[in-house]
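Notes for the one structure printed next.
We use all heavy atoms of the structure for the numbers below, so side chains are in, but hydrogens, waters and symmetry mates are not. Chain letters run A, B, ... following the sequence lines, proteins first and then strands; every chain starts at 1.
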Number of protein chains: 2
Amino acid sequence: MPKRAATSTRREESLSRERIIEATIELLDATGEAGLTFRALSEHLATGPGAIYWHIANKNELLAAACDTVIARTVDSTPITTPEATIRAHALAIYDLIDEHPWVNSAIMTDSEGNSPLVHILERIGQQIRLLRVPKAQQWSAISTLVGYILGISKQNAVNRQFGITHNLDRSEFLDRIATKWSQLDAKTYPFTHSIADRIRTHDDRDDFIAGLNLILRGINAPAR
Amino acid sequence: MPKRAATSTRREESLSRERIIEATIELLDATGEAGLTFRALSEHLATGPGAIYWHIANKNELLAAACDTVIARTVDSTPITTPEATIRAHALAIYDLIDEHPWVNSAIMTDSEGNSPLVHILERIGQQIRLLRVPKAQQWSAISTLVGYILGISKQNAVNRQFGITHNLDRSEFLDRIATKWSQLDAKTYPFTHSIADRIRTHDDRDDFIAGLNLILRGINAPAR
DNA sequence: ACCTGAACACCGTTCAAGT
DNA sequence: ACCTGAACACCGTTCAAGT
């Protein structure tokens, strides 16, 4: 790591894969996924759009590499305590990461030059599954369910939030509209949706995420029937 | 429903929202999400790209409407038996639907002209949650976890499968490459990933999906600690 | 009222030409 | 070896003009 105290962008530095990825992350955070264009990125790097192709194969690889960098940073900086608490902490860290950087969504399952962002998550949570003394035969379903749940919910949450932002909707107003719509549904054909219409107004997505996580952890710990 | 025995496309019929959506579904199934362009669609309908805008606001609405149609059909044609079996049946039906029509992925959370595809799923599964005698206070977390899990995993599965198809990878070959990559990781820093490298070779995504579903259902039925 | 299709303002990617 | 930027083959969307 030869980089040191590079607070702002320096133009004199030559192009490099690392520098391109750093600029990509900045651009994605600043302008969102739609804002990442080769023209904007090359302008940010004070070069031409073609120059980037010397270091990176295409847009997919660019996104994947940015994603991998950001996931690794998050996992590495989340503390390890007791198994269940560590799983919760990592789950929430990833949830919050994707919430703040919704573009991570699109690239988390792809891999850039061989190693996928997924492995960082898999490893950390897998180690805790072992510590919970889950029998070897059930470790796979435990880990695949957990990781699938964490990524699945986090992704959806990010998409929803982003949708709200791009259509600049006020959250409570938005939920209110759904609640109203649901309570206007025919109570005979939609009795359940009707009955929980009010509940959606006060719900918190992050709390729901934790509740589901607890449900799964309870299932992992419960004796098989 | 005035349509009857319209086996192939008829040009004489005038344009309509319904006809456009039907053509959209056909085009999406035939050529995938990338294949849905206004130019291709208008050609399919023997008209110009501008004509579609008379009936539909934009591409988002087009996708949302196609998605809603296809979800409603699936939910309506899945049988209702015992609560747990019905939840499983619907979960799998949606899993398979998204697997077969991966484009559903992009639109399932949006809504077209007021009603979201989500409501169909919510209602059916919610009714079964009630029949399981889940206390009122826990119904919300149960339904949001279940629906979140079902959609989350199904979506990821569809993305993965689609990735495999567009890069035309042989599945077992692809898994083999991941397994090899994982087993080549440093066993000290990646002990867990290392240990399950073999497991990934034989795993079945649909089985994992069911296993996770069972874990959640077990958690829903288990007594709170 | 409904449809047409040229035109506009963008994309990702390529590639001859430069240094 | 690395960079430039014009050019290519596309997009979604608009809108004057037609019927």
Practice problem: Compare all side-chain heavy atoms of B/T145 with those of A/D208 and state whether any distance is below 4.5 angstrom. | Solution: no

Does the plane of the ring in B/Y149 sit parallel, tilted or perpendicular to the ring in B/F209? Use 30° and 60° as the thresholds. parallel

Find out whether A/D96 and A/T74 are in side-chain contact, i.e. whether some heavy atom of one side chain is under 4.5 Å from a heavy atom of the other.
no

- Message: Could you check whether any side-chain heavy atom of A/I98 comes within less than 4.5 Å of a side-chain heavy atom of A/I108, counting everything from C-beta outward?
- Response: yes

note: B/N60, atom CG; D/dC11, atom P; distance rounded to Å ~ 17 Å

Sorted by number, residues from residues 34-43 of chain A placing a heavy atom under 4.0 Å from DNA chain C are A/L36, A/T37, A/F38, A/R39

Output for pair (A/T69 OG1, A/I25 CD1), nearest 0.5 Å, gives 5.0 Å

note: B/L27, atom CG; D/dC11, atom P; distance rounded to Å ~ 11 Å

From the list B/R206, B/R161, B/K155, salt bridge (Lys or Arg N to Asp or Glu O under 4.0 Å) partner of B/D99 resolves to B/R161

Notebook entry, point to check: Can you check whether B/I150 reaches B/S154 side chain to side chain, under 4.5 Å on heavy atoms?
Noted result: yes

Writing each nucleotide of DNA chain D 5' to 3' as (, ), [, ], | or . by Watson-Crick or G-U pairing under 3.5 Å yields ||.|||||...|||||.||

B/E33 CD to D/dC11 C1', in whole Å, measures 14 Å

Rounded to whole Å, CG of A/L63 lies from P of C/dG12 at a distance of 11 Å

query = Just wondering, do A/I196 and A/I200 contact through their side chains at under 4.5 Å, heavy atoms?
reply = no

When rounded to whole Å, the CD1 to C1' distance for the pair A/I52 and C/dT13 reads 12 Å

Under 4.0 Å between a Lys/Arg side-chain N and an Asp/Glu carboxylate O for A/D76 and A/R73? no

Separation of D/dC11 atom P from B/Y53 atom OH, nearest Å, is 13 Å

note: B/L62, atom CG; D/dT13, atom C1'; distance rounded to Å ~ 13 Å

| query | Has B/W54 got a side-chain N or O lying under 4.0 Å from the OP1 or OP2 atom of C/dC2? | reply | yes

Separation of D/dT13 atom C1' from B/I56 atom CD1, nearest Å, is 15 Å

